[in-house]
Amino acid sequence: MEIKDVTKEYPNEELSILWKPKMCIHSEKCWRGLPDVFRYGKKPWIDPKGAESKQIMKQIDLCPSGALSYKLKNEKNKESGSVSTKISITKNGPILLKGDVEINLPNGETRKESNLALCRCGSSNNKPFCDGSHTKIDFKAD
């Protein structure tokens, strides 16, 4: 089943939580860290009124794939504010990029992101992005 390339928006009085399902690698950081907002197994799974906006922003900043982001009312999407990009190789998982990233895809599309998780196991159905398949195949890196 292919996941559509959409962005879902969940607003409260101060901000909107943005979720890109296709970018999600299911790291579980969101719902384990703030379960009153990111409600595993419930629909809608995001309740933007489940915590204070500062707590929500702090939790979203921990999202490794960039599937979650936010925009404050009357502002554009949250940017990293960083001039450099940090690249982390996770143990038996994806390559994480944090910072300002522009990626040019083979189909000619250019995307600008502040967080990305790139597949390194080769099993993702959303290449070059990680979709969490490394956990299903028990990927082990050398």
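This chain uses plain numbering: 1 for the first residue, then up along the sequence.
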Can Met57 be reached from Ile17 by stepping across I, L, V, M, F, W or Y side chains whose heavy atoms are under 4.5 Å apart?
yes
Can you get from Leu68 to Tyr70 by hopping between Ile, Leu, Val, Met, Phe, Trp and Tyr side chains that sit under 4.5 Å apart?
yes
Answer with yes or no whether the hydrophobic clustering places Ile60 together with Tyr40; edges join I, L, V, M, F, W, Y residues whose side-chain heavy atoms lie under 4.5 Å apart.
yes
Measure the SG-NZ distance between Cys63 and Lys29 for me, rounded to the nearest 0.5 Å.
9.5 Å
Determine whether Thr110 and Leu105 make a side-chain contact, defined as any pair of heavy atoms from C-beta on separated by less than 4.5 Å.
no
Counting N and O atoms only, with roles assigned by atom type, does the side chain of Arg39 sit under 3.5 Å from a partner on the main chain of Pro44, one being a donor and the other an acceptor?
yes
Trp31 vs Phe38, ring pair (Phe, Tyr, Trp, His ring centres under 6.0 Å): CA-CA, chis, key distance, verdict
CA-CA 5 Å; Trp31 64 265; Phe38 304 103; over 10 Å; no
Spacing of Lys140 atom NZ and His134 atom NE2 [to the nearest 0.5 Å]:
10.0 Å
Can you measure from NZ (Lys20) to OG (Ser69) and round to the nearest 0.5 angstrom?
5.5 Å
Got Ser27 and Pro64 here, is their nearest side-chain heavy-atom distance under 4.5 Å?
yes
Between Glu13 and Lys49, does any side-chain N to carboxylate O distance fall below 4.0 Å?
yes
Close side-chain approach of Ser16 to Tyr10, heavy-atom, < 4.5 Å
no
So, do Ile95 and Thr90 sit near enough that their side-chain heavy atoms are less than 4.5 Å apart?
no
For a 4.5 angstrom cut-off between non-hydrogen side-chain atoms, does Val37 reach Pro48?
no
Cluster check Ile137, Leu118: I/L/V/M/F/W/Y, side chain < 4.5 angstrom:
no
Are any of the side-chain heavy atoms of Cys130 and Arg120 separated by less than 4.5 Å?
no
To check you understand the geometry: which heavy-atom pair defines the closest contact between Pro11 and Lys73, and what is its length?
CB-NZ, 3.8 Å
Heavy atoms from other residues, nucleotides or ligands near NZ of Lys127 exceed 12 (cutoff 6.0 Å)
yes
Is Thr85 reaching over with its side chain to a backbone N or O of Gly99, donor-acceptor style, under 3.5 angstrom?
no
Are Ile25 and Leu116 connected into the same hydrophobic cluster when the rule is that any two of I, L, V, M, F, W, Y join if their side-chain heavy atoms are below 4.5 Å apart?
no
Please work out which of the three classes, parallel, tilted or perpendicular, describes the rings of Trp19 and Trp45, given edges at 30° and 60°.
perpendicular
Donor-acceptor pair between Ser133 and Asp131 side chains, under 3.5 angstrom:
yes
Could you give the distance from CG (Asn92) to CG (Asp138), rounded to the nearest 0.5 Å?
8.0 Å
Tell me, do Lys71 and Glu9 make a side-chain contact under 4.5 Å, heavy atoms counted?
yes
Going by side-chain hydrogen bond (donor to acceptor under 3.5 Å, both in side chains), name the pairs with one or both residues in residues 51-60, residues two or more places apart or in two chains.
Asn12-Ser53, Glu14-Ser53
Sequence neighbours left out, what passes side chain to side chain donor-acceptor pair (under 3.5 Å) with Asp47? Give chain and number order.
none
Any side-chain heavy atom of Ile103 sitting closer than 4.5 Å to one from Leu97?
no
Single hit among Ser123, Pro94, Cys121 for side chain to side chain contact (heavy atoms under 4.5 Å, CB included) with Phe139:
Cys121
CZ (Phe129) and CG (Asp5) are apart, to the nearest 0.5 Å, by 8.5 Å
To the nearest 0.5 Å, tell me how far Lys112 NZ sits from Glu102 CD.
5.0 Å
Who are the side chain to side chain donor-acceptor pair (under 3.5 Å) partners of Arg32, not counting sequence neighbours?
Glu28
